[in-house]
Amino acid sequence: MEGKKEEARYTSVSLPTPLFEKIKERIEGTGFTSVSSYVVYVLREVLSKEAEEKSEPFTREDEERVKDRLRALGYLD
Amino acid sequence: MPPPHGGKLVDRTLTGADLDDAVKRSKSLERLTVSTEMAQEVENIATGVYSPLTGFMGPAELDSVVETMRLPDDTPWTLPVLLDLEESARIEPGREIALVETAAGADGRPFALMEVEELFTFDREHAASLVFGTTEEAHPGVAAMMAMKPVMAGGPIRLLERRPSEFSAYNLTPLETRVLFREKGWRRVVGFQTRNVPHLGHEYVQKTALTFADGVFINPVIGKKKKGDFTDEVILETCRALAEHYYLKERAVIAILSYQMRYAGPREAIFHAIVRKNFGCTHFIVGRDHAGVGSYYGPFEAQQIFDRFPDLGITPVFFNTFAWCTKCGGVVNEKTCPHEGPERMDFSGTRIRELLLAGQVPPPELMRPEVAQVILASSNPFVE
Ligand SMILES: [Zn+2]
């Protein structure tokens with residue numbers, strides 16, 4: 001059962017062999033224990049950067065309502 | 001400002017016609033009575049403090065979080081968020097139920113609804129060993145997990161009304177803090193979590209962070225505490241006193257987090273950072289043995305774990321040890337002061353506590369007199 005779970009949790013992608021070898025060299029003596037863990041780390045970093053700089057997650061209406069409460073509580077003048 | 005965790009600020013509070021419908025519907029639903037601490041969790045989910053969660057975890061989410069420290073969609077998430085119930089509870093999957101708080105008083109009005117998707121159990125020992133790094137019940141987080149009722153219910157919740165709280169004037173939602181930070185023109189906001197009264201070391205950490213940030217978000221944890229801890233009221237009042245006398249009004253915001261500590265050390269440090277990201281912080285202060293208890297975690301484990309989350313979306317700021325140095329004439333840390341021995345006065349919580357218990361004002365090198373006065377003026381500053 002554990003094995004099956006692991007299977008669903010991971011999948012494989014193909015890397016050019018020279019790149020794979022380069023990464024293998026690159027991670028020697030670092031905290032990364034495998035090429036996979038390094039690639040996962042880098043991709044997560046790249047993808048999360050792309051997620052930044054989006055617009056604020058609230059509407060004008062939300063904002064006015066919120067500002068009223070913040071003023072009432074003394075957080076805003 | 002960082003986007004909310006998982007990309008979307010969750011809002012599960014019902015308003016208008018939806019609310020009217022839900023309130024009507026709630027009258028005929030099966031009820032589940034929950035503790036004040038569980039009601040706090042529901043509110044945290046509903047107001048987006050726990051974005052992207054929209055309800056209590058099901059077995060797949062729990063398994064993913066326990067094993068990988070991530071939600072099934074790969075979003076970092078390190079702690080279980082569970083609703084437990086008795087086997088005798090007449091709750092079935094696929095049904096909507098109404099949640100009532102134990103302390104709700106005589107009328108027992110439901111404050112939230114939940115669509116129960118799954119009922120399940122889990123291997124608590126295994127989960128505890130991964131989440132807390134131990135299965136010893138002397139660990140308060142493990143003990144709490146072992147003491148949970150036998151069955152877990154997973155599924156989304158909807159909030160009907162926010163529960164009254166004596167601290168409601170300091171209870172801001174992530175939406176509110178986000179609007180507030182933007183109105184203040186803060187771009188870099190550093191979050192500071194506390195469950196203690198502030199001494200000069202805390203002030204030093206916050207102000208050091210303020211030298212590169214635009215504002216500090218002081219976010220004391222309010223909720224069930226251990227015997228001997230300072231009371232919620234004293235913690236909040238001392239934070240206020242410190243800010244009032246020693247901070248620029250436009251550079252500090254104090255609001256509470258209603259939350260029960262898990263003492264999960266490194267995993268909880270990540271969780272605390274996620275929560276502050278949802279409030280709109282770009283940075284989060286992580287001290288020595290953050291969220292630790294006893295000697296279960298190494299002093300820097302809660303800092304090192306951040307290396308594993310390049311996609312967290314909030315930057316940790318690490319502080320280690322600091323002290324008052326008479327030779328340097330100020331608060332110092334291990335990188336700024338070469339002195340040792342009698343010149344250094346550590347910010348020992350135990351020592352400060354002893355002085356306060358004896359009715360004495362700690363020396364000004366340890367605690368601001370205005371802060372000490374708040375504690376000494378309280379008839380009982382400690383949890384009994
Ligand atoms: Zn010194």
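Side chains are part of it too, since the values below use all heavy atoms of this structure and drop only hydrogens, waters and symmetry mates. Everything numeric here is computed off the predicted structure, so don't read it as measured data. Chain letters run A, B, ... following the sequence lines, proteins first, then strands; residues in each count from 1.
Shown are B:L175, B:T173, B:L172, B:T177; of these, the side-chain contact (heavy atoms from CB on, under 4.5 Å) with A:V66 is made only by B:L175.
In this structure, B:R308 has no salt bridge (charged side-chain N to carboxylate O under 4.0 Å, His left out) partners at least two apart in sequence or on a different chain.
Heavy atoms of B:T68 lying under 4.5 Å from chain A belong exclusively to its side chain. If you measure heavy-atom distances from B:D11 to chain A, you find no contacts under 4.5 Å at all. Contacts between B:I254 and chain A at a heavy-atom distance below 4.5 Å involve the backbone alone (N, CA, C, O).
At most 12 non-hydrogen atoms from other residues, nucleotides or ligands lie less than 6.0 angstrom from CG of A:D77.
Between B:E370 and B:Y246, the side chains place a donor N or O and an acceptor N or O closer than 3.5 Å (distance only, hydrogens not considered). In the model, A:Y75 has no side-chain atom that pairs as donor or acceptor with a side-chain atom of B:E183 under 3.5 Å.
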| query | Could you walk me through whether B:H5 and B:Y50 pass the ring-ring contact (aromatic ring centres under 6.0 Å, His included) check? | reply | CA-CA 8 Å; B:H5 199 55; B:Y50 291 174; over 10 Å; no

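Below 4.5 Å, heavy atoms of chain B meet no heavy atom from residues 14-27 of chain A.
Ring centroids of B:F181 and B:F279 are separated by 6.0 Å or more, keeping the two rings apart.
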